[in-house]
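Encoded as structure tokens, the structure appears first; notes follow it.
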Protein chains: 2
Amino acid sequence: MTTKTYNSFFLNFANATRFNILMSLIGGPLNVTQITNRVNEEQSKISHNLKKLEECHLLNVKQKGKQRIYSLNDKTVIPMIDLIKNHVKNYCKECDKREV
Amino acid sequence: MTTKTYNSFFLNFANATRFNILMSLIGGPLNVTQITNRVNEEQSKISHNLKKLEECHLLNVKQKGKQRIYSLNDKTVIPMIDLIKNHVKNYCKECDKREV
DNA sequence: AAAACATATGAAATCATCTTCATATGACAA
DNA sequence: TTGTCATATGAAGATGATTTCATATGTTTT
């Protein structure tokens with residue numbers, strides 16, 4: 001596992017926009033316009049970030065007419081969400097409350 | 001789970017220095033000087049980064065004389081390492097090879 | 001073949017994080 | 001109570017990531 005690989009893997013989760021994109025896809029695949037609406041950000045911003053997520057294989061794409069449909073790699077993403085949720089629950093109960 | 005919480009959680013793994021610190025502690029607790037030697041970085045750099053890891057409860061500290069002994073929160077860190085290793089193995093076989 | 005729609009891309013500008021350096025603090029030993 | 005060892009900290013500078021804006025590409029519709 002190269003430094004670059006795990007660096008970009010975790011960076012993908014660390015960014016709020018990308019984290020929200022992942023969340024928006026938990027319910028099932030969406031096209032770019034739909035993701036853009038759910039996450040409520042600029043289209044080009046979404047596209048740039050989708051690219052990074054896809055490069056890491058956290059997302060898959062397929063073309064459907066002029067749309068591109070993105071779907072979650074849930075084998076990785078769901079366990080990851082569970083892991084951090086558990087961590088926060090067990091170790092960060094207080095610190096997570098004091099908002100900054 | 002606040003944005004800040006998951007952001008700093010993942011950021012901790014995304015940084016090479018901190019990732020190496022975590023790795024150095026898999027074998028068991030170490031003091032700062034020992035970590036500094038294993039990771040082979042400046043002492044103040046190590047201290048700054050230890051702080052961030054501790055704030056996220058990925059590390060625990062205890063004082064022992066003038067030393068501070070850091071140990072891994074292995075309940076979280078080990079599963080996390082396993083998760084990314086598996087991801088890379090299953091989905092990034094090729095992309096992980098082409099070094100950048 | 002032009003227009004319209006959906007998405008991607010490059011580059012500059014902005015914003016956030018990291019490291020570095022100098023110095024401070026805290027604990028123990030002499 | 002001074003010196004030394006171990007570690008932490010603040011702030012500036014350096015580096016890196018993200019967003020933005022303008023525009024390009026690709027696909028379908030008319």
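In what follows, every chain begins at residue 1, and chains take the letters A, B, ... in the order their sequences are listed.
Contact annotation: B:Asn49 side-chain N/O to C:dC18 OP1/OP2 distance is not under 4.0 Å. Taking only side-chain nitrogens and oxygens, A:Arg68 never comes nearer than 4.0 Å to OP1 or OP2 of C:dA6. The phosphate of C:dA6 has neither OP1 nor OP2 within less than 4.0 Å of any side-chain N or O from A:Tyr70. Note on B:Lys52: a side-chain N or O is less than 4.0 Å away from OP1 or OP2 of C:dC18. Remark: A:Ser44 is not in phosphate contact with C:dT7, judged by side-chain N or O atoms under 4.0 Å from OP1 or OP2. Taking only side-chain nitrogens and oxygens, B:Asn7 never comes nearer than 4.0 Å to OP1 or OP2 of C:dA16.
Taking atom CD1 on B:Ile35 and atom P on D:dA6, their separation rounds to 14 Å, with Å as the unit. Regarding B:Leu53, its CG atom lies at a distance of 13 Å from the C1' atom of C:dC18, rounded to whole Å. Look at CD on B:Glu55: it is 14 Å from C1' on C:dT17, rounded to the nearest Å. Rounded to whole Å, the distance from CD1 on B:Ile21 to C1' on D:dA8 is 14 Å. Separating the CG atom of A:Leu11 from the P atom of C:dT17 is a distance of 10 Å, rounded to the nearest angstrom. Straight-line distance from the NZ atom of A:Lys51 to the P atom of C:dA8: 10 Å, rounded to whole Å. In this structure, A:Glu42 atom CD and C:dA6 atom P are separated by 17 Å, rounded to whole Å. Taking atom CG of A:Asn12 as the reference point, atom P of D:dG16 lies 18 Å away to the nearest angstrom.
For the pair B:Val32 and A:Glu41, nearest-nucleotide mapping onto DNA chain D gives the more 5' position to B:Val32. Mapping B:Asn31 and A:Arg18 onto DNA chain D via the closest heavy atom, the residue that lands nearer the 5' end is B:Asn31.
Closest to the B:His48 side chain, of the nucleotides C:dT19, C:dA6, D:dT7, is C:dT19. Side-chain proximity of A:Ser47 to C:dT20, D:dT7, C:dT7: nearest is C:dT7. Here the side chain of A:Gln67 is nearest to one of D:dT27, C:dA6, D:dA6, namely C:dA6. Residue B:Thr17 has its side chain nearest to C:dT19 when only C:dT19, D:dT19, C:dT7 are considered. Across D:dT20, C:dT19, C:dA6, the shortest atom-to-atom separation from the side chain of A:Lys66 is found for C:dA6.
Checked against side-chain hydrogen bond (donor to acceptor under 3.5 Å, both in side chains), B:Gln43 has the following partners two or more places apart in sequence or in another chain: B:Ser47.
Connection of B:Leu11 to A:Ile21 is not established within any shared hydrophobic cluster, with ILVMFWY side chains joined at heavy-atom distances below 4.5 Å, either directly or through further cluster members.
Side-chain atoms of B:Gln67 do not come within 3.5 Å of backbone N or O of B:Lys64 as any donor-acceptor pair. Within the 3.5 Å criterion, the main-chain N or O of B:His57 finds a donor-acceptor partner in the side chain of B:Asn73.
Nucleic acid contact for A:Ile46: none, since no nucleic acid atom lies under 4.0 Å from a heavy atom of the residue.
For B:Tyr6 and A:Phe13, the distance between ring centers is not under 6.0 angstrom.
Here the OH atom belonging to A:Tyr70 is positioned 7.5 Å from the CD1 atom belonging to A:Ile35, to the nearest 0.5 angstrom.
Residue B:Gln43 places no side-chain atom within donor-acceptor reach of the base of D:dA6, judged by atom type and a 3.5 Å distance cut-off alone.
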